[in-house]
Amino acid sequence: MKEDPSSIFNQPDFKETLAKYENMVREGTRTYFDADDLTLIAEYYASKGNPYASDKAIDYALSLYPENQDVLVFKCHSLLSGRNTDEADLLIHNLPYQNDYDSQLLYAELYLQKNDMSQTQETLNKLYEDYPHIDTILDIAQLYTDYQQKKYAYPWIQKALNENPDNLEALELMGLYQFEIQHYDQALQCFNAILDEEPYDVNSWQNLARCYAQTKEYDKMFEAIDFAMVADETNLTTWKLKVDCHLMLEQLHEAIPCLEYIEKHVQEKEPIWYILASIYFDLLDYDKMKQYTQLILDHRITASEIVDMAEICYKHALACLRTKEITACYETIELGLQYNDKYHQFYLLKGELSLLYNDTSSAKKSFKKAEAYSYNIQDTWFDIGVIYFQAFHFKEALEAFKKIEKHDYQDSFKISYLISYCYYRLGKIEKALHYMIRGAVFTSKQQLTERLKTMQELDTNFSEMAWHIYELIQNKELDPSPYLGEL
């Protein structure tokens, strides 16, 4: 556990310096700062989960102090954390003081990033020989931990604890090690031991929350996140952790305000827009989904490096279709095909658009392409069937659903009511009853309510008949056995 940043970042002198720096950034001017102050500001932003602002601060420091070793070392760490290995390599080899402690630690990290474990070990062993202190042990353990090298980290962590069992940084590293090997109870002991001494340590509350997520103690998980918020309500890592926890539990509505907070405080907004668009996609809120997919499309030059633009175009086109912006839907499909002309969902949309104008021939051609490019043919048949069903083309819908039945008879039970309704609308009542009975056997009361919802809006007679048959079977007044085979 590194020194608690709040002990420095909450001091009046630092707050005054930070305010002066942020005012300079807002006004677009240049102001003199001490190199140590700018390095500390960069560290502050990094601790808040804002690497963009951190890089800006250290780059400004370099413009004032291009030869300052501490500033250069921080820049090297930033480059390595961003996996800019070649640029970091060049800068490390040009540090003014090649043989000092920080330089050697950077060389070790560089070798680690290049996956040269032999050179890494040699460098770190030599570093400990030159600086045989517990702080060196902890730096080595931390470096291995950062790169998920558990086998190499553990001996150094244990060595530190042997020297000082109460060392908080060693306890944190041991907690992280125990977490990685899925010994969550031992990890919790370590993090709680830290909090006994440092009750406002944000990292430890975050780590507690991660442990409780794994042990499925969700009340304790959110309680730990709340304490982390009390310790520092602006920490973006805590906000991101809270989002992850809500999404893990499928609490989509609860995740939204957290994401909106993060969006306001990060420079790279595209990943946040993507998550929000995906949430609104699941919630079927097409207006909101359209809002966030449009933001991504407006920034597609940078967004294309982060998200799948074909997926974004599909979701935006779907939102346009559902909100009756037909021209925008067509335009977005064409844009999406430029990113990926084998994205099968575009052809599903094109087919649905054709059906709006009763152009069944064009729809069929589009659906054929969707099938050809599909990565899950049964799901695609289902989607095609639903599109035809919603357009009242029950003959074609039935053909799609029957393909599923032929491909996987057992899997077709869950669409029995859709097949039944198609037969019902086509006037084939006997076959409709056959699938209605089969559906009743493999459907709970709650599922039946959900599955009949659309059909009840279309035809109350069908819905009443389905409920009557369901109750007959439940009351053992009708034997469904003869109806469970293939028709």
Side-chain angles (χ1 to χ4, degrees), residues 2-3 5 21 25 33-131 135-153 156 169 173 176 180 203 236-237 240 266-268 270-271 302 305-306:
K2 298 296 182 185
E3 182 182 3
Y21 172 81
V25 172
F33 289 90
D34 183 78
D36 290 342
D37 287 340
L38 287 170
T39 305
L40 195 57
I41 289 169
E43 187 177 342
Y44 165 79
Y45 285 125
S47 76
K48 298 292 184 182
N50 192 344
Y52 176 83
S54 178
D55 286 342
K56 285 293 184 184
I58 210 65
D59 286 343
Y60 184 65
L62 281 171
S63 72
L64 297 175
Y65 307 98
E67 299 296 324
N68 184 282
Q69 176 82 357
D70 291 337
V71 173
L72 288 165
V73 165
F74 193 100
K75 181 63 177 179
C76 289
H77 282 302
S78 177
L79 290 170
L80 288 168
S81 67
R83 300 289 171 172
N84 297 311
T85 309
D86 292 340
E87 193 176 346
D89 192 339
L90 181 63
L91 190 56
I92 290 168
H93 278 88
N94 284 281
L95 288 172
Y97 303 102
Q98 285 285 305
N99 295 316
D100 82 346
Y101 182 91
D102 288 328
S103 296
Q104 291 306 301
L105 200 59
L106 280 169
Y107 273 107
E109 185 172 359
L110 180 64
Y111 297 137
L112 252 181
Q113 200 154 109
K114 292 181 176 181
N115 204 29
D116 186 344
M117 297 309 298
S118 175
Q119 196 68 44
T120 301
Q121 288 179 278
E122 182 180 330
T123 303
L124 292 175
N125 288 336
K126 178 67 166 58
L127 185 68
Y128 183 61
E129 287 177 15
D130 294 341
Y131 302 91
D135 286 344
T136 309
I137 299 171
L138 291 168
D139 281 340
I140 293 170
Q142 182 70 61
L143 183 57
Y144 280 130
T145 299
D146 289 343
Y147 282 82
Q148 299 179 333
Q149 296 290 339
K150 299 188 291 290
K151 179 177 74 172
Y152 297 99
W156 292 98
E169 188 175 345
L173 290 167
L176 294 172
E180 287 297 318
N203 287 340
L236 292 180
T237 301
K240 291 171 185 175
V266 295
Q267 182 69 23
E268 192 176 80
E270 290 88 346
T302 53
E305 300 176 4
I306 303 168

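Note that the structure is a prediction, hence the values are computed from the model and not measured.
Checking Ser103 against Gln69 by side-chain atom types alone, a donor-acceptor pair falls below 3.5 Å. Residues Glu129 and Asn125 bring no donor and acceptor atom of their side chains to less than 3.5 Å of each other. No side-chain donor-acceptor contact under 3.5 Å links Asp139 and Tyr131.
In this structure, the side chains of Lys75 and Asp59 come closer than 4.5 Å at one or more pairs of heavy atoms. Using a 4.5 Å heavy-atom cutoff, the side chains of Val266 and Tyr52 are not in contact. Under the 4.5 Å side-chain criterion, counting only non-hydrogen atoms from C-beta, Leu106 is in contact with Leu80. Residues Ile58 and Thr39 are in side-chain contact: their nearest non-hydrogen atoms beyond the backbone lie under 4.5 Å apart. Under the 4.5 Å side-chain criterion, counting only non-hydrogen atoms from C-beta, Gln119 is not in contact with Lys114.
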Can you list the steps and then say if Tyr97 with Asp102 is a side chain to side chain contact (heavy atoms under 4.5 Å, CB included)? CA-CA 9 Å; Tyr97 303 102; Asp102 288 328; over 6 Å; no
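Shown here for Glu43 and Phe74, the closest heavy-atom pair between the two residues is N-CZ, 3.7 Å. Here the closest heavy-atom approach between residue Ser78 and residue Ser81 is recorded as O-OG, 2.8 Å. Of all the heavy atoms in Ile92 and Gln98, the pair that sits closest is O-NE2, 2.8 Å. Here the closest non-hydrogen pair linking Ala57 and Tyr21 is CA-OH, 3.2 Å. Residues Asn94 and Leu90 approach most closely at ND2-O, 2.7 Å, considering heavy atoms. Ala153 and Ala141 get closest at one heavy-atom pair: CB-O, 4.0 Å.
In this structure, CG on Leu176 lies 8.5 Å from CG on Asn203, to the nearest 0.5 angstrom. Here CG of Asp130 is found 10.5 Å from OH of Tyr101. Values are rounded to the nearest 0.5 Å. For the atom pair Tyr65 OH and Leu72 CG, the distance stands at 13.0 Å (nearest 0.5 Å). Annotation: the span from Leu40 atom CG to Asp34 atom CG amounts to 10.5 Å, rounded to 0.5 Å. In this structure, the separation between CG on Leu110 and CG on Asp86 is 9.0 Å, given to the nearest 0.5 Å. Separation of atoms CH2 (Trp156) and OG1 (Thr136) is listed at 8.5 Å; rounding is to 0.5 Å.
In this structure, Thr120 contributes its side chain and Asp116 its backbone to a donor-acceptor pair below 3.5 Å.
For the side-chain hydrogen bond (donor to acceptor under 3.5 Å, both in side chains) test, residues two or more places apart in sequence or in another chain that qualify with Tyr147 are Glu109, Gln113. Residues forming a ring-ring contact (aromatic ring centres under 6.0 Å, His included) with Tyr60 (at least two apart in sequence, or on another chain): none.
Below 30°, between 30° and 60°, or above 60°: for Tyr152 and Tyr144 the angle between ring planes is below 30°, a parallel geometry.
Shown here is Lys240, whose NZ atom has more than 12 heavy atoms of other residues, nucleotides or ligands within 6.0 Å.
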